[in-house]
> 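Encoded as structure tokens, here's the structure I'll be asking about.
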Amino acid sequence: MTAGRTVESVRTAFRDECARLGEVLRGVDEAQLDRPTDCRPWTVRELLAHVRTGAGRLVDMLAAPAPPRARVDAVGYYGAAKFTPPVDAARIDSGRHEAREIDGPALVADFERAWRAALAAVDAAPPSRVVRTRHGDAMALGEFLRTRVVEVGVHGLDLAAALDRRPWLTPTAARVVADLFTGGRPVPPELGWDRLTLIRKATGRAGLTDGERAAADAAGFRWLSFGG
């Protein structure tokens, strides 16, 4: 697949998932925003602040000088070394601090502005563009955008659980996230997982038996490190 087609397909997934999250959040009240999530110690409000920041990262990244070549793909981005205790603590504190500075409706509106600005920046950039992440990784635009789909989609599962909603993961985002774990390969028939089940199990949002792990390992699935 060419860089242009890669960016376009992932862009669609990012747009779809962000738009769906925005629709859900417009019906959430302040008490619901203060509910705890399984991404402890974050509340719904604090987790949303984290998602808002992550969704908008490409604006500044695309405004910065481009590295000469990509060094890391989306799988490599989720390396365990990035999620050390100090990095995790800073990430958690940042989400909590940002959430305290803004009320619910303003936070939801700010999420909308952030992802739409990121989408506009992507549309203005050449598909072959390389960006540098906050961790210092040089990545192809399409590969970093893939991580944004993961962040919005997987944390959307956390938000749905906290709000007692059915998961709203969109088909386009589910495909991008699932393919990251499977390398684009089909799920072994003996597992019988749909994409949502695969994502929940691969990210620790659902239990994984020894037999399931063995079957997934045999199929070449990738187990990535997430900072929550």
> Any non-hydrogen side-chain atom of L58 less than 4.5 Å from a side-chain atom of L119?
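Answer no - side chains too far apart.
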> Any side-chain heavy atom of E151 sitting closer than 4.5 Å to one from V51?
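The answer is no; the side chains never approach within 4.5 Å.
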> Is a donor on one side and an acceptor on the other found under 3.5 Å between the side chain of E17 and the backbone of T170?
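Yes; judged by distance alone, with no hydrogens or angles, the pair exists.
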> Can you tell me how far the OG1 atom of T203 sits from the CZ atom of F181, to the nearest 0.5 Å?
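Here the interatomic distance stands at 6.0 Å.
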> In terms of side-chain geometry, is the basic nitrogen of R205 or D158 positioned less than 4.0 Å from the acidic oxygen of its partner?
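A salt bridge links R205 with D158.
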> In the hydrophobic clustering (ILVMFWY, side-chain contacts below 4.5 Å, transitive), which residues join F221, or is it alone?
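F221 clusters with V187, L191, W193, L198, L208, W223.
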> In Å and rounded to the nearest 0.5 Å, what is the SG to CG distance from C39 to L159?
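These two atoms lie 8.0 Å from each other.
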> Any ion pair linking E30 and R45 (charged N to carboxylate O, less than 4.0 Å)?
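E30 and R45: salt-bridged.
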> Are V152 and V59 linked, directly or through intermediate hydrophobic residues, by side-chain heavy-atom contacts shorter than 4.5 Å (ILVMFWY only)?
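Per the 4.5 Å side-chain linkage, V59 and V152 are not co-clustered.
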> So W42 and P36, do their side chains get closer than 4.5 Å, heavy atoms only?
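Sidechains of W42 and P36: no contact.
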> Using a strict 4.0 Å threshold on nitrogen-to-oxygen distance, state whether E112 and R26 make a salt bridge.
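Between R26 and E112 there is a salt bridge, with a charged N closer than 4.0 Å to a carboxylate O.
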> If you take all heavy atoms of A70 and A140, which pair is closest and at what distance?
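Heavy-atom minimum between the residues: CB-N, 3.5 Å.
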> If I compare all heavy atoms of M61 with all of R129, which pair ends up nearest, and what's the gap?
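In this case the closest contact between M61 and R129 is O-NH2, 3.9 Å.
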> Mind checking the CZ-CG spacing from R40 to L47? Nearest 0.5 Å is all I need.
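Rounded to the nearest 0.5 Å, the CZ-CG separation comes out at 12.5 Å.
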> Once salt bridge (charged side-chain N to carboxylate O under 4.0 Å, His left out) is applied, what residue pairs with a partner in residues 61-74 remain, sequence neighbours excluded?
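Found none.
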> Specify the closest pair of heavy atoms between G156 and W168, including all atoms of both residues, with the distance to one decimal.
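That would be O-CZ2, 3.4 Å.
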> Excluding sequence neighbours, so at least two apart, what forms ring pair (Phe, Tyr, Trp, His ring centres under 6.0 Å) with F144?
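Applying ring pair (Phe, Tyr, Trp, His ring centres under 6.0 Å) to F144 gives Y77.
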> Which residues satisfy the salt bridge (charged side-chain N to carboxylate O under 4.0 Å, His left out) test with D60, sequence neighbours excluded?
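For D60 there are no salt bridge (charged side-chain N to carboxylate O under 4.0 Å, His left out) partners, ignoring immediate neighbours.
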> Please assess L33 against T43 for the test side-chain contact (heavy atoms from CB on, under 4.5 Å), listing each intermediate value before the final yes or no.
CA-CA 7 Å; L33 286 170; T43 61; over 6 Å; no
> So do the side chains of L107 and R52 get within less than 4.5 Å of each other, counting heavy atoms only?
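Contact flag for L107/R52 side chains = yes.
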> Quick one: pull up OG1 in T37 and NE2 in H50 and give me the separation to the nearest 0.5 Å.
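Here the rounded value is 10.5 Å.
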> Establish whether V10 and V130 are linked, either directly or via other cluster members, by ILVMFWY side-chain heavy-atom contacts under 4.5 Å.
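Cluster IDs for V10 and V130 differ.
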> Does some side-chain heavy atom of V150 sit less than 4.5 Å from a side-chain heavy atom of V176?
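No, too far: nothing below the 4.5 Å cut-off.
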> Looking only at heavy atoms, what is the nearest atom pair of A74 and L180, with distance?
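Closest approach of A74 to L180: CB-CD1, 3.6 Å.
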> Heavy atoms, side chains only, cut-off 4.5 Å: are R222 and Y78 in contact?
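Of all side-chain heavy-atom pairs linking Y78 with R222, none is under 4.5 Å.
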> Check A55 against F14 and note the closest heavy-atom contact, atom names and distance.
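That would be O-CZ, 3.6 Å.
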> Might you work through the side-chain contact (heavy atoms from CB on, under 4.5 Å) test for V177 and V149, ending with a clear yes or no?
CA-CA 7 Å; V177 180; V149 178; 4.1 Å; yes
> Any salt bridge between D210 and R213, counting N to O under 4.0 Å?
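Answer for the salt bridge query: no.
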> Is there a side-chain contact between M139 and T147 (heavy atoms, below 4.5 Å)?
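Side-chain contact under 4.5 Å: yes.
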> Can you measure from CZ (F111) to CG (L21) and round to the nearest 0.5 angstrom?
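Result: 4.0 Å between the selected atoms.
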> Could you check W115 against R148 for side-chain contact (heavy atoms from CB on, under 4.5 Å), going step by step and ending with a plain yes or no?
CA-CA 10 Å; W115 75 260; R148 302 305 87 192; over 6 Å; no
> Scan for salt bridge (charged side-chain N to carboxylate O under 4.0 Å, His left out) pairs involving residues 180-203, sequence neighbours excluded, and state none if there are none.
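Salt bridge (charged side-chain N to carboxylate O under 4.0 Å, His left out) check on residues 180-203 returns K201-E212.
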> Tell me the closest heavy-atom pair linking R11 and D123, and the distance in Å.
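Taking every non-hydrogen atom into account, NE-OD1, 2.6 Å.
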> Would you call T133 and R57 a side-chain contact if the rule is heavy atoms closer than 4.5 Å?
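Sidechains of R57 and T133: no contact.
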> Regarding D16 and T172, do their side chains bring together a donor and an acceptor under 3.5 Å, going by distance alone?
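Per modelled atom types, D16 and T172 side chains form a pair under 3.5 Å.
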> Sorted by first residue and then second, give each salt bridge (charged side-chain N to carboxylate O under 4.0 Å, His left out) pair with at least one member in residues 163-173; sequence neighbours left out.
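Sorted pair list: R35-D164.
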> To the nearest 0.5 Å, what is the distance between CG (L25) and CD (Q32)?
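These two atoms lie 10.0 Å from each other.
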